[in-house]
Amino acid sequence: MRAAAAGTALLLAGCGRELSSVNPAGPQAERISDLTWYLTATGTAVFLAVTGFLLYAVWRGRRRAESAAGPAAERTLTRWVAGSVAATVVILLATLVYNFYVGRSLADFAEPGALTVRVTGHQWWWEVQYQDPVYSRRLTTANEIHVPVGRRIRLEVQSADVIHSFWAPNLHGKLDLIPGYGGTTYFRADRPGVYHGRCAEFCGLQHAKMDFLVIADPPERFAAWYDQQLRAAAPPADSVQQKGQQVFLGKGCVMCHTIRGTPANSRVGPDLTHLASRRTLAAGSLPNTRGHLAGWVVDPQKIKPGARMPPNQLASDELHALLGYLQSLK
Ligand code: CUA
């Protein structure tokens with residue numbers, strides 16, 4: 001009973017606004033959505049027709065069991081079989097042509113001046129780099145991709161370890177991240193919103209906790225976000241944050257993370273320069289609150305067993321200071 005309820009909830013969640021391939025927010029997703037509906041409708045019609053004919057044949061067969069089949073009955077049968085084969089060929093051909101057309105039109109979105117975002121899949125998080133032609137305007141963040149509404153995004157993907165798959169169904173179909181190969185596609189968000197995405201290729205223990213957000217904002221808001229993200233981290237504003245920064249730089253954190261504007265400059269884990277501006281922690285695993293952040297910093301393995309981040313033993317005043325500092329990284 002509980003399993004059935006959970007299954008239903010899952011199905012309904014699949015139709016939710018935030019992670020849905022039939023609630024398109026851009027032209028690419030719209031074509032995929034149309035194709036999805038076409039396939040669903042065709043499949044349903046074929047299923048109903050075949051079931052109908054089958055039931056009819058059973059019913060008729062019973063009635064006619066006694067009368068021997070003559071040449072006339074055989075001719076009728078041949079006509080039915082030929083008609084069914086013809087209908088099958090027509091339906092499959094139409095599907096093939098439509099499918100081909102959708103594939104072509106999705107590939108037809110290259111455009112100069114697109115905003116290039118490079119996404120690197122890691123076990124189990126997403127590194128996001130904005131490839132501005134001006135080097136000083138390049139930007140690295142994690143797990144949250146902000147895009148301006150109405151502008152074409154050139155998405156370049158790569159993997160740092162195993163095969164992942166980038167899937168934000170409201171915006172586009174899946175794109176695999178294959179080690180050693182680059183992948184490219186284009187998408188565009190036509191209305192503002194927060195679109196959920198997740199890894200769609202099994203990639204190890206925490207595959208299920210490898211989510212991301214695509215946040216589409218009006219161009220001015222996106223520009224403001226971008227300029228904010230370009231800034232180095234604000235220096236500690238009080239003695240607690242000061243101490244928190246020392247904890248960050250003195251304990252293990254500095255070995256894996258970057259905070260621009262400080263000596264922390266490692267790219268093993270996510271860039272934390274503006275950690276506090278993000279909505280989630282650990283690739284969509286947790287809401288970004290002080291309590292969840294504390295739990296994550298102290299024992300990531302409890303939340304995401306197998307994650308590359310080790311537990312951190314901190315005195316309570318150290319943890320308090322570290323949280324104060326991390327939460328100041330707006
Ligand atoms: Cu990455 Cu599944």
Side-chain angles (χ1 to χ4, degrees), residues 6-7 9-11 13-16 18-21 28-29 32 36 106 116-131 139-147 153-187 189 194-216 256-258 266-272 275 278-288 292 295-296 299-311:
L10 208 67
L11 269 176
C15 304
E18 292 168 329
L19 188 80
S20 167
S21 50
Q28 289 83 356
I32 295 172
T36 305
L106 289 180
T116 301
V117 181
R118 180 174 297 165
V119 170
T120 307
H122 295 260
Q123 284 174 317
W124 292 275
W125 60 282
W126 307 87
E127 184 178 3
V128 181
Q129 289 166 302
Y130 290 80
Q131 303 291 95
L139 180 65
T140 301
T141 178
N143 303 325
E144 207 175 277
I145 304 169
H146 287 244
V147 298
I153 310 299
R154 179 184 157 91
L155 176 71
E156 295 179 355
V157 299
Q158 58 186 25
S159 171
D161 35 51
V162 300
I163 302 177
H164 304 274
S165 187
F166 183 97
W167 191 41
N170 298 71
L171 297 166
H172 207 320
K174 294 171 187 171
L175 181 63
D176 282 356
L177 285 66
I178 297 170
Y181 290 87
T184 304
T185 193
Y186 291 82
F187 73 87
V194 179
Y195 304 107
H196 288 231
R198 63 184 41 157
C199 180
E201 179 70 42
F202 180 72
C203 55
L205 207 52
Q206 291 302 331
H207 158 68
K209 285 186 180 163
M210 189 169 167
D211 292 3
F212 60 92
L213 294 174
V214 179
I215 299 175
C256 297
H257 294 286
T258 291
S266 172
R267 285 186 47 198
V268 177
D271 185 305
L272 302 180
L275 172 68
R278 303 207 280 261
R279 298 182 182 211
T280 68
L281 298 170
S285 306
L286 300 165
N288 192 358
H292 286 301
W296 176 252
D299 193 1
Q301 298 302 318
K302 185 130 194 180
I303 294 159
K304 220 166 154 175
R308 299 292 184 254
M309 181 160 151

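In listed order, ligands and their atoms are each counted from 1.
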What closest approach, in Å, do R198 and F212 show between heavy atoms, and which atom pair accounts for it? N-CE2, 3.4 Å
Taking every heavy atom of V147 against every heavy atom of F187, the minimum-distance pair comes out as CG1-CZ, 4.2 Å
If you leave out waters, which protein N, O or S atoms are less than 2.8 Å from atom 2 (Cu) of ligand 1? C199 SG, E201 O, C203 SG, H207 ND1
T184 vs E156, side-chain hydrogen bond (donor to acceptor under 3.5 Å, both in side chains): CA-CA, chis, key distance, verdict: CA-CA 5 Å; T184 304; E156 295 179 355; 5.2 Å; no
Looking only at heavy atoms, what is the nearest atom pair of K209 and I303, with distance? NZ-O, 2.6 Å
All heavy atoms of E144 vs all of R279, minimum pair found to be OE1-N, 2.7 Å
Could you state the interatomic distance from OH (Y130) to CD1 (I153), rounded to the nearest 0.5 Å? 7.5 Å
